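Here's the structure, in structure tokens; my notes come after.
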Amino acid sequence: MNSTDKMMHKYQVDEVFYVIGEIIFLPVLLFGFWFADHGFAEYKKLFECVFWRSTGLPCPGCGGTRAFYYLFRGEVVQSFVLNPVVLYGVAAYLHFMLMTCYRKHIKKDLGKGITIQYYLYGAAAVLLMQWAIKIMQAVFN
């Protein structure tokens, strides 16, 4: 694959993720508000962490459901404390969508942008850091 093919592939991937982002925006938003208003209270037991119950240690995603819940209730700080990956995901989504929209509709050139894998690397880094902190807290408390 030559450099032109790689550039076209990158743009196609960005375009696919952009379309997916457009499609999921409203359903996720509506689900989030429903979940914050009714769903969490009704289905709380379903979201208990099996790993936590089995080992007494948090898994990398522990606190994610509650972080999502608090984010849609407007309690951003509590959401961040429970699992910062949720806020990172929202920030990464908004950044990607806004930058791609700008490059696609205003600049009329998809040019250089942040490729999807860098958003994923950032999410993995945040996830691993918060997991390490939670494990240290569980072990030393």
Side-chain angles (χ1 to χ4, degrees), residues 1 3-141:
M1 190 181 292
S3 63
T4 306
D5 291 339
K6 287 180 184 178
M7 292 294 281
M8 289 305 296
H9 177 71
K10 178 211 173 294
Y11 299 143
Q12 291 170 350
V13 170
D14 283 356
E15 182 65 25
V16 168
F17 276 98
Y18 181 73
V19 170
I20 291 169
E22 288 179 321
I23 292 169
I24 68 167
F25 177 74
L26 188 58
V28 169
L29 195 64
L30 292 173
F31 174 77
F33 286 119
W34 170 83
F35 185 72
D37 196 37
H38 301 293
F40 186 69
E42 290 180 33
Y43 301 104
K44 192 175 191 175
K45 280 288 203 196
L46 292 174
F47 297 110
E48 288 183 359
C49 182
V50 175
F51 188 80
W52 176 269
R53 269 189 297 177
S54 302
T55 66
L57 295 172
C59 74
C62 270
T65 304
R66 289 174 289 147
F68 184 79
Y69 167 75
Y70 283 111
L71 177 65
F72 277 92
R73 300 218 11 123
E75 299 178 40
V76 178
V77 173
Q78 183 66 20
S79 175
F80 180 80
V81 168
L82 287 168
N83 197 326
V85 173
V86 172
L87 281 178
Y88 173 84
V90 170
Y93 169 81
L94 291 174
H95 181 264
F96 174 77
M97 293 301 288
L98 291 172
M99 292 305 293
T100 304
C101 181
Y102 170 76
R103 288 193 317 267
K104 183 178 178 181
H105 298 293
I106 296 172
K107 195 176 177 186
K108 305 275 190 216
D109 174 27
L110 284 176
K112 279 192 170 186
I114 297 176
T115 57
I116 294 299
Q117 74 256 25
Y118 293 116
Y119 292 108
L120 296 176
Y121 296 153
V126 172
L127 185 74
L128 292 174
M129 283 188 292
Q130 69 90 20
W131 188 33
I133 291 168
K134 285 183 179 182
I135 287 176
M136 286 189 288
Q137 287 174 338
V139 169
F140 293 116
N141 284 336

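Every value quoted in this text rests on a predicted model; they were computed, and no experiment measured them.
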Taking W131 for the side chain and P58 for the main chain, is one N or O donor matched with an acceptor at less than 3.5 Å? yes
So does S79 get a backbone contact from the side chain of Y69, meaning a donor-acceptor N/O pair under 3.5 Å? no
[X] atom [atom1], neighbour heavy-atom count above 12 within 6.0 Å:
X: F25; atom1: CZ; answer: no
X: Y18; atom1: OH; answer: yes
X: Y93; atom1: OH; answer: yes

So [Y] and [X], do their side chains get closer than 4.5 Å, heavy atoms only?
X: D14; Y: F96; result: yes
X: F72; Y: F35; result: no
X: L57; Y: V139; result: yes
X: Q78; Y: R66; result: no

Compare every heavy atom of [Y] with every heavy atom of [X], then report the nearest pair and how far apart it is.
X: L127; Y: P60; result: CD1-O, 3.1 Å
X: V86; Y: A67; result: CG2-CB, 3.7 Å
X: K134; Y: V81; result: CE-O, 4.4 Å
X: C49; Y: C59; result: SG-SG, 3.6 Å
X: Y118; Y: Y88; result: O-OH, 4.0 Å

